[in-house]
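All remarks here apply to the structure that follows.
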Protein chains: 2
Amino acid sequence: MHKEIDPAIRKSPLFAGISDQELLYLMNCLRPKTYTYKRNDYIAVEGSSFDSIGILLYGEATVSKENASGNRVIISTLKPGSMFGEMFVFSGQTLWLSTIQAQKNSAVIFLQRDKIIGECGNVCPWHKKLIWNLLKIISDRAIMLNKKVEYLTIKSIKGKIAAFLFEQYSTFGSSTFVIPMKRKEMAEFLNVSRPSLSREMSRMRDEGIIDYHMSAFKILDPDRLKKYL
Amino acid sequence: MHKEIDPAIRKSPLFAGISDQELLYLMNCLRPKTYTYKRNDYIAVEGSSFDSIGILLYGEATVSKENASGNRVIISTLKPGSMFGEMFVFSGQTLWLSTIQAQKNSAVIFLQRDKIIGECGNVCPWHKKLIWNLLKIISDRAIMLNKKVEYLTIKSIKGKIAAFLFEQYSTFGSSTFVIPMKRKEMAEFLNVSRPSLSREMSRMRDEGIIDYHMSAFKILDPDRLKKYL
DNA sequence: TTAAAACGGTAACAACGGATACCGATTTTT
DNA sequence: AAAAATCGGTATCCGTTGTTACCGTTTTAA
């Protein structure tokens with residue numbers, strides 16, 4: 001039986017709302033496997049078989065994928081507490097679609113698909129919480145992607161700007177707000193070039209619809225802004 | 001206790017791999033609530049509280065959403081067996097984000113969040129299967145959306161065509177294949193206009209990279225096709 | 001505090017993609 | 001089999017967006 005909880009584990013939203021004591025029981029039930037890797041070791045290789053969620057305990061690792069033109073592209077970097085594979089483990093996918101490589105000496109704890117759903121004879125409340133958390137994580141991802149698709153589907157830059165500013169407007173609940181992005185990031189988020197974004201924004205300013213300075217925005221005429229949507 | 005299984009229920013992937021007999025037990029455990037609606041009745045109203053997945057048993061209903069400019073837009077139409085709310089029920093979302101309205105006399109069976117995770121004392125195998133199915137459905141949606149984002153992020157039409165054809169190429173495993181779409185659908189999928197799609201495709205044909213007739217395609221020069229990615 | 005780097009706005013130009021209209025090919029309906 | 005509807009390709013035109021380059025402003029580092 002596990003004796004102590006790795007602090008990286010506590011960072012994972014997968015175990016949110018589960019006490020240390022419960023987590024010990026849960027680990028006993030999940031019987032996870034921990035492996036250690038040296039710098040540059042492969043943690044998972046694209047195309048190899050796959051049945052677990054992984055959580056990085058310490059170290060650092062990169063997730064990369066071969067794109068259609070045959071180049072390997074780093075998609076993301078994993079830090080202690082980062083989870084990977086959670087979107088695929090219940091999708092029917094049996095092979096890794098990306099390669100994960102340790103960039104420093106690292107350790108990963110693997111939670112098997114079947115054990116997550118539960119093999120322990122009785123339903124433990126912490127196990128239910130685990131499943132709830134997993135459902136929440138994947139649902140939130142799907143919702144986020146759905147929103148991203150909405151933005152990307154808008155064709156005109158002004159339409160994107162309007163949608164973006166309305167989103168901020170309604171989350172801040174005020175017509176003046178500061179966005180948490182630089183222009184370059186905003187341009188990347190909206191999938192347009194930075195000069196084009198600046199040009200369209202200044203046109204909207206000329207029209208008296210919005211005003212802004214750096215990251216501080218003010219919506220002057222919400223009705224006309226709406227028309228761009 | 002439920003005595004029989006509604007045939008619409010059987011269509012839902014949520015209950016895939018669960019036998020009729022098991023499904024009866026499961027229903028006893030889930031204790032779903034069924035409501036009937038007359039044409040034009042509201043099944044759910046944007047902003048009202050929310051704790052269940054719904055499955056349409058018979059009839060027809062529309063899912064609509066108010067966009068930022070204040071117009072109501074129909075997102076999808078539900079048919080018998082269609083599920084709704086599954087992406088939100090475990091997301092922490094407590095209010096409906098869309099309005100669902102019956103278009104014909106309809107009935108809906110609601111499965112409560114808490115009951116799905118399981119309140120029955122012992123773990124029944126069919127209950128595990130249910131959770132597995134739900135995880136699979138939401139994961140598949142997230143994966144699909146992820147792929148969609150990949151396509152939408154590509155800026156040039158030729159790039160989109162190349163990515164699309166490579167995808168078909170690798171799934172069919174052959175350089176000749178028939179796609180399951182008409183031009184109009186393909187254009188919508190890639191988020192471009194149909195004439196623009198035709199123009200770019202015929203340019204690529206002129207260049208000797210691909211050949212096609214209606215829905216039948218042939219990749220002539222994969223290497224040059226790759227360069228568009 | 002000053003120098004360097006990063007950030008943001010602007011302008012000119014070219015490339016790209018959308019709108020529209022039309023026509024022939026293909027499929028569906030009768 | 002003929003008529004109608006749908007589908008797909010093409011041409012023209014024009015608005016939109018990206019590219020590049022430059023410069024002033026703001027932030028960061030020395």
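Naming convention: chains lettered A, B, ... in sequence-line order (proteins, then strands); numbering from 1 in each chain.
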For B:S215 and A:E200, take the nucleotide of DNA chain D holding the closest heavy atom to each; which residue's nucleotide lies nearer the 5' end?
B:S215

Would B:E46 and B:S98 satisfy side-chain hydrogen bond (donor to acceptor under 3.5 Å, both in side chains), going step by step from the backbone distance to the final call?
CA-CA 5 Å; B:E46 206 164 333; B:S98 53; over 6 Å; no

Using whole Å, what does the distance between atom P of nucleotide C:dG18 and atom CG of B:L197 come to?
10 Å

Quick check: are there more than 12 heavy atoms from other residues, nucleotides or ligands sitting under 6.0 Å from CZ of B:R39?
no

If you look only at pairs with a residue in residues 169-186 of chain A, which of them pass as a salt bridge (charged side-chain N to carboxylate O under 4.0 Å, His left out), with sequence neighbours excluded?
none

Spacing of A:M204 atom CE relative to D:dT17 atom C1', expressed in whole Å:
15 Å

Check the distance between C:dG17's P and B:L152's CG and give it to me in whole angstrom.
14 Å

Nucleotide nearest A:R205 (side chain, heavy atoms from C-beta), chosen from C:dT10, C:dG17, D:dG9:
C:dT10

Report the distance from atom CD1 of B:I210 to atom C1' of D:dG8, rounded to the nearest whole Å.
14 Å

Round to the nearest Å and state the distance from B:K184 atom NZ to D:dC7 atom P.
7 Å

Can you check nucleotides 19-29 of chain D for protein contacts, nitrogen or oxygen pairs under 3.5 Å, and list what you find?
none

Can you tell me how the ring of B:F110 sits relative to the ring of B:F84, calling it parallel under 30°, perpendicular over 60° and tilted otherwise?
perpendicular

Output the rounded distance in Å from CD (A:E185) to P (C:dC7).
8 Å

For the pair made of CE in B:M201 and P in D:dA11, what is the distance, rounded to whole Å?
15 Å

Is the shortest side-chain N/O distance from A:S202 to OP1 or OP2 of C:dT10 below 4.0 Å?
yes

Give the rounded distance in Å between these two atoms: CZ of A:R203 and P of D:dT17.
9 Å

Take the angle between the ring planes of A:F50 and A:F88 and call it parallel below 30°, perpendicular above 60°, tilted in between.
perpendicular

State, to 0.1 Å, how close B:K104 and B:G59 come at their nearest heavy-atom pair, and which atoms those are.
CB-CA, 4.3 Å

Given 3.5 Å as the limit, does a donor-acceptor pair link the side chain of B:S82 with the main chain of B:K79, or not?
yes

